[in-house]
Amino acid sequence: MRFSDFFRGEPSGSGDPELDFGFAFNDSNFSDRVLRIEVVRDFPEAKSDGDSCSSIADWARNRKRRREDFRKEIDVSVQREEQILNCNFPDTEDGETFENQDEDAKAMTEKSPSGVGLNCNLIGNDMVNSNDSSWNIDCSTVLRVNIVHVSSPILAAKSPFFYKLFSNGTRESEQQHLALRIHASEEAAFLDLLKFMYCNSLSTTTPTAVLDVLMAADKFKVASCMRYCGRLLRNLPMTCESALLYLDLPSTILMADTVQPLTDVAKQFLAASYKDLAKFQDEVLKLPLAGIEAVFSSDDLQVASEDAVYDFLLKWARTHYPELEERREVLTTRLVCLIRFPYMTCRKLKKVLTCNDFDVETVSKVVLEALFFKAEASFRQRAITSEAANVSFSYYVERAYKHRPVKIVEFEQPWQQCIVYLDLKREECAHLFPAGKVYSQAFHLGGQGFFFSAQCNMDQQSSFHSFGLFLGMQERGSVTFAVNYEFTARSKPTEDYVIKHKGNYKFMGRKAVGYRNLFGIPWTLFMSDESNYFINGVLHIRAKLTLRK
């Protein structure tokens, strides 16, 4: 019976963890093939034979040998009594076949004179003779040979590579003796991979050794081993160094579903490690692109405002990509999606439109979308945000801003005036007790910056806590500013805005005006379930500011 008749479908790549064939590994009694593993020298940039990586840092420094082109070079030698056929199989999807190539290979092998070695490369559907030294390795470079007895059904069930090798219908696929060439740096990992395909476990547990096996498993498409390695690495202590390395693995590994849990954990670790951007600003500025994407994708990033996110990412891009064209490419394709433009201030959005670092068409689109979102009614904004929370793209999800976003309506005539809306969730207010404060984003009137400060404080008689609201002016020299103000809040049962306080004040420097007990009730009543001021769990505050002449 032909091998291809025995296996009627492509292997799934996921073995049954309860089936342990370890007893049959390298045992001629349970094997139908002899695999000759020829170990050849590494390229100069790879670690030398016998060297080992004792740490993640050492492993990362030697990763040049794992670049995708080098990693994809699988030298398969089908050995006969008088002929050797060396083939490099291109990377293919599991469902693809080599029918045309197999026929050509068979024909060329039959025509080859006895005692002559035939070197060939498979490229697309063409088979051509090649003298390219990067593909063909001289036999003199063979350092040593390992002979391993293998079972073709076991290897084929775990690896699409071996399935195709054993079942492609050529004479070579039916030979009992096969030769496979690997580089010295891959030897230990490949032998571990072979053993895994028999017993579904690894004896090695060090991070560097597991990473080597993961690379080999990716090379030979052993999905079950990739999943196993990912699980081992997830269970090891995570560091920023290792997390960055896991996110910088070759794209074929990062895109594999089997490794996705590992990359998710790495992203979560980095996001948690650099959660407070102000505290770790210098460290985050040094992170590579993969680290930046992990940190700024987080909804829990603690940052003053989205304006600060934009400024930081622009600074990072200018630091790491000094060439404008390269920087514009990275910002447009990788970083722009990390900025949540709907939560940026209108003043900053205007600056975005004139920033030369971004592609004009891209920034015009995101700024327009942000302005449309800002113009929506509050209930529509909440609906859009709720929908966005169910997908991986968090463009409309509000972060844990240290400065709360505000919505502003500005007027120039008949006098300079602005109406500012500040919404606070019940849980945000609860966190203010007993003496906390939360600041709003800055907003402007007559060219001068202002901000709100909501806080929990004791009343003037120190008899109970209460909710206070203050309006402050950002310091800018010794300028004085006279403002008429009116504080209102939505209240049940009508849910209309009701005036709480109004007056006028002459600001100087960082002076502030406000009320220690905005609602005239104790904190306990303000926060109770019967409170009139929380509507669907949100406190709605509005301030009308008019510049006095």
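Note that the structure is a prediction, hence the values are computed from the model and not measured. No hydrogens, no waters, no symmetry mates; every other heavy atom, side chains included, goes into these values. Residue numbers start at 1 and run along the sequence shown.
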### Message
Taking the side chain as everything from C-beta on, heavy atoms only, tell me whether L214 gets closer than 4.5 Å to L249.
### Response
yes
### Task
Please check if the side chain of S466 supplies one atom and the backbone of R516 the other of a donor-acceptor pair under 3.5 Å.
yes
### Query
Taking C-beta and beyond as the side chain, do C225 and K158 meet within less than 4.5 Å on heavy atoms?
no
### Query
When you look at V409 and C418, which way does the side chain to side chain contact (heavy atoms under 4.5 Å, CB included) test go after all the steps?
CA-CA 6 Å; V409 180; C418 67; over 6 Å; no
## Note on the structure
ring-ring contact (aromatic ring centres under 6.0 Å, His included) filter on F280, not counting sequence neighbours, yields Y274
### Message
Other residues, nucleotides and ligands only: do more than 12 of their heavy atoms fall within 6.0 Å of NZ on K437?
### Response
no
#### Entry: Residue pairs, two or more places apart or on separate chains, that pass salt bridge (charged side-chain N to carboxylate O under 4.0 Å, His left out) and touch residues 273-282
D276-K402
### Task
Over 60° means perpendicular and under 30° means parallel, so classify the ring planes of F487 and Y485, tilted if in between.
tilted
### Summary
On a heavy-atom basis, the closest approach of M226 and A256 is CE-CB, 3.8 Å
### Message
Using side-chain heavy atoms (C-beta onward) and a distance below 4.5 Å, is V513 in contact with F507?
### Response
yes
#### Entry: Pairs involving residues 291-301, ordered by first then second residue, that meet salt bridge (charged side-chain N to carboxylate O under 4.0 Å, His left out) (sequence neighbours left out)
E293-R334, D299-R340
Can you give me every donor-acceptor pair (side chain of residues 541-548, partner residue at least two apart or in another chain, under 3.5 Å) with its distance?
unit_1	atom_1	unit_2	atom_2	d
R542	NE	T488	OG1	3.2
T546	OG1	Q417	NE2	2.9
R548	NH1	N504	OD1	3.3

### Message
Does Y505 have more than 12 heavy atoms from other residues, nucleotides or ligands lying within 6.0 Å of its OH?
### Response
yes
### Message
If I compare all heavy atoms of T385 with all of V397, which pair ends up nearest, and what's the gap?
### Response
CG2-CA, 4.2 Å
### Query
Partners of Y401 by ring-ring contact (aromatic ring centres under 6.0 Å, His included), sequence neighbours excluded?
none
### Message
Checking K365 now: which residues fulfil salt bridge (Lys or Arg N to Asp or Glu O under 4.0 Å) with it, not counting sequence neighbours?
### Response
E369
### Query
So, do C355 and L314 sit near enough that their side-chain heavy atoms are less than 4.5 Å apart?
yes
### Message
Can a donor-acceptor pair be found, under 3.5 Å and without considering hydrogens, that links the side chain of H320 to the backbone of L285?
### Response
yes
### Query
Should we count CD of E361 as having more than 12 external heavy atoms under 6.0 Å?
no
#### Entry: Residue K348 excluded, over 12 heavy atoms near NZ under 6.0 Å
yes
### Query
Taking atom types as modelled and ignoring hydrogens, do the side chains of T239 and E241 form a donor-acceptor contact shorter than 3.5 angstrom?
no
### Task
Using the test side-chain hydrogen bond (donor to acceptor under 3.5 Å, both in side chains), find all partners of N235 that sit at least two apart in sequence or belong to another chain.
none
### Query
Quick one: ring-ring contact (aromatic ring centres under 6.0 Å, His included) partners of F526, sequence neighbours excluded?
F467, F519, W523, F534
#### Entry: Residues which pass ring-ring contact (aromatic ring centres under 6.0 Å, His included) with H501, listed by chain and number, not counting sequence neighbours
Y515
### Query
Where does the angle between the aromatic ring planes of F443 and F450 fall among parallel (under 30°), tilted (30 to 60°) and perpendicular (over 60°)?
parallel
Donor-acceptor list for residues 260-270 side chains, cut-off 3.5 Å, not counting sequence neighbours:
unit_1	atom_1	unit_2	atom_2	d
Q260	NE2	T263	OG1	3.3
Q260	NE2	D264	OD1	3.2
T263	OG1	Q260	O	2.9

### Query
Which heavy-atom pair separates I292 from L287 by the least distance, and what is that distance?
CG1-O, 4.1 Å
### Query
Hey, is the main chain of L525 close enough, under 3.5 Å, to the side chain of S528 for a donor-acceptor pair?
yes
### Query
Under a 4.5 Å cut-off applied to non-hydrogen side-chain atoms, are L424 and Y533 in contact?
no
### Query
Is the side chain of Y395 donor-acceptor paired with the backbone N or O of V366 at a distance under 3.5 Å, no angle test?
yes
### Query
Can you name the nearest heavy-atom pair linking F452 to L469, along with the distance?
CD2-CD1, 4.2 Å
### Task
Check S531 against K492 and note the closest heavy-atom contact, atom names and distance.
O-NZ, 3.7 Å
#### Entry: Any residue meeting side-chain hydrogen bond (donor to acceptor under 3.5 Å, both in side chains) with S201, in chain and number order, not counting sequence neighbours
none
#### Entry: Nearest heavy atoms of S440 and V406, plus distance in Å
CB-CG1, 3.7 Å
### Message
Within the structure provided, determine whether F464 and N517 are in side-chain contact (heavy-atom separation under 4.5 Å).
### Response
yes
### Query
Does the side chain of V213 reach to within under 4.5 Å of the side chain of F196, using non-hydrogen atoms?
no
### Residue pairs fulfilling salt bridge (charged side-chain N to carboxylate O under 4.0 Å, His left out) with at least one residue in residues 495-504, sequence neighbours excluded
R490-E495
### Query
Quick one: does K407's side chain get under 4.5 Å of K374's, heavy atoms only?
no
### Query
When rounded to the nearest 0.5 angstrom, what distance separates OH in Y321 from CD in E326?
6.5 Å
### Task
State whether the side chain of R426 and the backbone N or O of M527 hold a donor-acceptor pair below 3.5 Å, judged by distance alone.
yes
